[in-house]
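Computed over heavy atoms, backbone and side chain alike; hydrogens, waters and symmetry mates excluded. Computed from a predicted model, the values in this text were never measured in an experiment.
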Amino acid sequence: MTSDEAPTPPGAGDLPHAPGSARAAGAPATGAAGAAHPGGRAAARTTSRDVARLAGVSQAAVSLVLGDKWHGRVSPGKAEAVRDAARALGYRPNLAARSLRMGRTRTVLLVVPALTTEFFARVYTGAARVAAAHGFGVVLYPSPEGIGPARDPFDSAAATLDGVIASSMAADALTTLRDAGLPLVMLDSDPGDHRATATVNLDIADGVRQLTTHLVALGHRRITHLAAEVRSWTFEVRSRALADALHGVLGARLRREPAALDIDAGLRAAHTALTGPGPRPTALLCDDDIIAAGACKAVRRLGLRIPEDVSVTGFDDLALAVAVEPELTTVRLPAEEFGEAGMRALMAVLDGHPAPAPALPVELVTRGSTAPPANTPGNAARPGGR
């Protein structure tokens, strides 16, 4: 019996059939799926032994390759031969038997703060893709409140899960699961957080630096940060990175206006920033594309123009970023790759290997919502200028 095949129950399979039994009476034999072949021939289930024979390798090599643990232990050529043989024979490992042997349920919980934006849906897509390649399923659990800590989804989760992946926006969630000692991979979270088994991050600070450098190069010095009103490591990083990037810039004046993560809150925050005392900001740097969409509405309702009077930037590069007019300058976050990296880290932990802790690169995408300030020479020559 190999590691990925179910044991044969005592008294079945190899024992001779007693006189008078259905098999002895000429009843059709059934295969593993219980289907009879014409003529009474048994439909035997393809095993890893068959794959090994066709590929010309050992059964151990088959298990390593199909379990995605072959790197450095099986040559690439033999690994490809195993995959070709498995496809040709229609072989699927017996995951139920493997789970019993390894004491695993092959189920991962993914905790996200909300499903109201496409970002976390794309994170799930990436995570589920890697999980499926390892024979795991993913249970998705959003916070009922949309933003902030999620309640523990079920009391018996520790007995039904192999591990957890959670967004930093749900960092205070899952106390029961953490106390149970389940592996926990945190996404977009403080690398020094001792509560996490591993962390996987986006290079958020670099994204803010890219945005700030872009605005400063255009000539902006009066910048208001429409900051997400969410207690989360990722938004704390954005605030620090913005302040650091403007430190030492001659004439720079940074203000902060908090906003919840929705369009109406972005509108209200932008209105306050643009109508408050003192010189009006020439740029609104928003923590999220959704806040930025609200900011764009506020600018227009005040009779101002984007980007001639006020530049607006977002963060995430959601579909919304190209739905507004002008389209948003923003920072593109690789959401699917983020989910993939988180799941790979968890798979490494479950296999007893050091978990990779990458900081995935992000990309500035410049579009029509940013331009030099209104008092910059040549600004009036642009469409809509005066």
Side-chain angles (χ1 to χ4, degrees), residues 116-118 207-208 210-230 235 238-239 242-243 245-246 249-332 364-386:
T116 53
T117 70
E118 72 207 59
V208 173
Q210 292 183 54
L211 268 181
T212 309
T213 299
H214 170 66
L215 291 174
V216 168
L218 289 172
H220 293 279
R221 296 297 183 270
R222 298 195 306 272
I223 299 173
T224 293
H225 178 202
L226 298 193
E229 201 171 21
V230 178
F235 293 119
R238 296 172 208 216
S239 291
L242 176 55
L246 286 177
V249 175
L250 187 64
R253 182 174 182 179
L254 174 64
R255 290 183 173 179
R256 182 181 187 275
E257 191 65 42
L261 287 175
D262 64 64
I263 290 176
D264 286 342
L267 186 155
R268 291 190 298 270
H271 184 275
T272 299
L274 294 169
T275 59
R280 189 176 66 209
T282 62
L284 301 176
L285 189 150
C286 306
D287 267 349
D288 182 272
D289 290 344
I290 297 173
I291 294 176
C296 290
K297 292 180 70 172
V299 172
R300 286 203 174 85
R301 289 186 182 184
L302 289 170
L304 301 173
R305 303 158 302 162
I306 302 172
E308 288 79 10
D309 299 311
V310 183
S311 288
V312 179
T313 68
F315 215 92
D316 283 355
D317 197 27
L318 307 177
L320 182 61
V322 293
V324 298
E325 184 63 40
E327 296 180 352
L328 276 176
T329 292
T330 187
V331 171
R332 179 174 296 154
L364 173 67
V365 181
T366 56
R367 298 191 179 104
S369 69
T370 52
N375 60 358
T376 302
N379 185 56
R382 296 195 311 276
R386 61 182 178 206

Practice problem: Under the side-chain hydrogen bond (donor to acceptor under 3.5 Å, both in side chains) rule, collect the residues that match up with Thr282, sequence neighbours excluded. | Solution: His220
Self-check item: Minimum-distance pair of heavy atoms, taken over all atoms of Ala228 and Asp287
Solution: N-OD2, 2.8 Å
Exercise. Could you walk me through whether Val299 and Asp309 pass the side chain to side chain contact (heavy atoms under 4.5 Å, CB included) test, one step at a time?
Key: CA-CA 9 Å; Val299 172; Asp309 299 311; 5.9 Å; no
Quiz item: If you take all heavy atoms of Ala321 and Asp317, which pair is closest and at what distance?
Solution: CB-OD1, 3.7 Å
Quiz item: Mind checking what makes side chain to side chain contact (heavy atoms under 4.5 Å, CB included) contact with Ala269, not counting sequence neighbours?
Solution: Leu226, Glu257, Ala259
Quiz item: Does any non-hydrogen side-chain atom of Leu364 lie less than 4.5 Å from one of Arg332?
Solution: no
Quiz item: Within the side chain of Asp289, is there an N or O that forms a donor-acceptor pair under 3.5 Å with the backbone of Phe315?
Solution: yes
Quiz item: Any idea which heavy atoms bring Val249 and Arg221 closest together, and the distance?
Solution: CG1-NE, 3.6 Å
Quiz item: Between Ile290 and Leu261, does a side chain to side chain contact (heavy atoms under 4.5 Å, CB included) hold up when you go through it step by step?
Solution: CA-CA 7 Å; Ile290 297 173; Leu261 287 175; 5.9 Å; no
Self-check item: CG on Leu242 to CG on Leu211, rounded to 0.5 Å
Solution: 9.0 Å
Self-check item: N/O donor-acceptor pair under 3.5 Å between Ser369 side chain and Thr329 backbone
Solution: yes
Quiz prompt | Heavy-atom check, side chain of Arg268 versus side chain of Asp264, under 4.5 Å | solution = yes
Quiz item: Listed by chain and number, what are the side chain to side chain contact (heavy atoms under 4.5 Å, CB included) partners of Ser239, not counting sequence neighbours?
Solution: His225, Arg256
Quiz prompt | Passing option when Cys286 is tested against Leu328, Val312, Thr330 for side chain to side chain contact (heavy atoms under 4.5 Å, CB included) | solution = Val312
Quiz item: Residues in side chain to side chain contact (heavy atoms under 4.5 Å, CB included) with Arg255, at least two apart?
Solution: Thr224, Arg253
Practice problem: Taking Arg222 for its side chain and Arg280 for its backbone only, find out whether a donor-acceptor pair lies under 3.5 Å. | Solution: yes
Quiz item: With sequence neighbours left out, what residues match His271 under side-chain hydrogen bond (donor to acceptor under 3.5 Å, both in side chains)?
Solution: none
Quiz item: With His214, which of Thr366, Thr370, Thr313 fulfils side-chain hydrogen bond (donor to acceptor under 3.5 Å, both in side chains)?
Solution: Thr370
Quiz item: Who pairs with Val322 by side chain to side chain contact (heavy atoms under 4.5 Å, CB included), at least two apart in sequence or on another chain?
Solution: Glu327, Arg367
Quiz prompt | For the student: nearest non-hydrogen atoms of Leu254 and Ala243, plus distance | solution = CD2-CA, 4.1 Å
Quiz item: Where is the tightest heavy-atom contact between Pro281 and Ala273, given as atom of each residue plus distance?
Solution: CD-O, 3.4 Å
Self-check item: Closest non-hydrogen atom pair, Gly314 against Ala292
Solution: CA-CB, 3.9 Å
Quiz item: What distance do Ile223 atom CD1 and Leu215 atom CG have between them, rounded to the nearest 0.5 Å?
Solution: 5.0 Å
